[in-house]
Amino acid sequence: SLIRSTKQPFLLLDFCGTWDSASMKQIADYSMNEKLNNSDTVRPVWLFFENDKKDWIKVIEKYDLPPQNCFFVKDYLKMTRNFTSQFNWHNDFPHYFLFNNKGECMNKNEVSFSRVDVKSILNQSAR
């Protein structure tokens, strides 16, 4: 699984879509700020909910996102049902989930990549 294959202790998932202006603003902000870029602590991962695969490829290229951290969600309904039932997610975009590499959800309302604070993530895990 993606979570368990991540080398970093934490994985920050961004549920996003090119059709969602808030998602695109967050990605643009991320690209202009200091990037996590697979830091020693957190791996950023974008999960794109799209109708056309070409749309998310354009975003990856435009904002220079690490392609190994960007995924096209094929089965939107299955994924949203799973996250809705497990984490009471209401399908709002963008939305961020923080997982540890053991697959445990540390925070289902994490802040965006452009505002993530690695120190706070480490503090959360120490609790």
Side-chain angles (χ1 to χ4, degrees):
S1 98
L2 175 65
I3 292 172
R4 291 194 172 89
S5 67
T6 295
K7 296 174 188 168
Q8 297 83 346
F10 299 97
L11 184 117
L12 188 58
L13 300 179
D14 176 1
F15 286 72
C16 60
T18 59
W19 43 266
D20 178 61
S21 60
S23 292
M24 292 301 90
K25 180 175 180 346
Q26 289 297 329
I27 289 173
D29 289 349
Y30 171 82
S31 71
M32 293 185 328
N33 295 311
E34 181 181 331
K35 297 181 181 181
L36 294 171
N37 283 344
N38 292 325
S39 72
D40 292 339
T41 307
V42 181
R43 178 183 180 189
V45 172
W46 290 268
L47 300 172
F48 286 90
F49 290 78
E50 302 294 335
N51 292 323
D52 187 345
K53 196 172 184 178
K54 293 179 213 161
D55 293 337
W56 70 279
I57 292 172
K58 289 177 192 173
V59 169
I60 292 168
E61 292 170 352
K62 178 178 180 179
Y63 294 108
D64 196 28
L65 300 177
Q68 70 274 17
N69 293 357
C70 299
F71 298 90
F72 176 70
V73 177
K74 292 180 183 176
D75 193 342
Y76 170 84
L77 292 176
K78 181 180 179 183
M79 179 167 269
T80 55
R81 276 194 303 267
N82 288 341
F83 272 81
T84 298
S85 65
Q86 290 182 5
F87 306 110
N88 197 27
W89 179 45
H90 299 289
N91 301 335
D92 47 333
F93 288 83
H95 194 95
Y96 308 90
F97 288 90
L98 177 69
F99 284 88
N100 65 23
N101 60 5
K102 296 175 188 149
E104 302 164 331
C105 185
M106 305 299 293
N107 189 339
K108 64 178 183 175
N109 296 302
E110 187 59 59
V111 298
S112 71
F113 293 132
S114 62
R115 297 187 354 232
V116 72
D117 178 6
V118 172
K119 287 180 185 175
S120 77
I121 290 173
L122 291 173
N123 288 338
Q124 284 179 43
S125 69
R127 295 179 197 154

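What you are looking at is a predicted structure, and each value in this text was computed from that prediction instead of being measured.
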Is the shortest side-chain heavy-atom distance between Leu2 and Arg43 below 4.5 Å? yes
From Phe49 atom CZ to Asp55 atom CG, the distance as rounded to the nearest 0.5 Å: 15.0 Å
Min side-chain heavy-atom separation Lys58-Ile60 under 4.5 Å: no
Kindly compute the distance separating OG (Ser85) from CZ (Phe87), expressed to the nearest 0.5 Å. 8.5 Å
Closest contact, heavy atoms only, Phe15 versus Ser23: O-OG, 4.3 Å
Interatomic distance, Asp75 atom CG to Thr80 atom OG1 [nearest 0.5 angstrom]: 8.0 Å
If you round to the nearest 0.5 Å, how far is CZ of Phe48 from CZ of Phe72? 11.0 Å
Are Leu77 and Phe83 in one and the same hydrophobic cluster, where Ile, Leu, Val, Met, Phe, Trp and Tyr link if side-chain heavy atoms are under 4.5 Å apart? yes
Might you point out which heavy atoms bring Pro9 and Asp40 nearest each other, and give the distance in Å? CD-O, 3.2 Å
Tyr63/Trp46 under ring-ring contact (aromatic ring centres under 6.0 Å, His included): CA gap, chis, key distance, verdict: CA-CA 12 Å; Tyr63 294 108; Trp46 290 268; over 10 Å; no
dist His95:NE2 -> Lys108:NZ (nearest 0.5 Å) comes out at 8.0 Å
With side chain to side chain contact (heavy atoms under 4.5 Å, CB included) as the test, would you mind laying out the steps for Met24 and Trp19 before giving the verdict? CA-CA 8 Å; Met24 292 301 90; Trp19 43 266; over 6 Å; no
Tell me if the CG atom of Asp92 is crowded by more than 12 foreign heavy atoms within 6.0 Å. yes
Might you work through the side chain to side chain contact (heavy atoms under 4.5 Å, CB included) test for Ser112 and Asp29, ending with a clear yes or no? CA-CA 9 Å; Ser112 71; Asp29 289 349; over 6 Å; no
Separation between OG1 of Thr6 and CG of Leu12, rounded to the nearest 0.5 Å: 11.5 Å
Closest non-hydrogen atom pair, Asn100 against Met106: ND2-SD, 3.6 Å
Describe, in one word, how the ring planes of Phe97 and Trp89 are oriented to each other, choosing from parallel (under 30°), tilted (30 to 60°) and perpendicular (over 60°). perpendicular
Is the backbone of Leu98 close enough, under 3.5 Å, to the side chain of Asn107 for a donor and an acceptor to pair up by distance? no
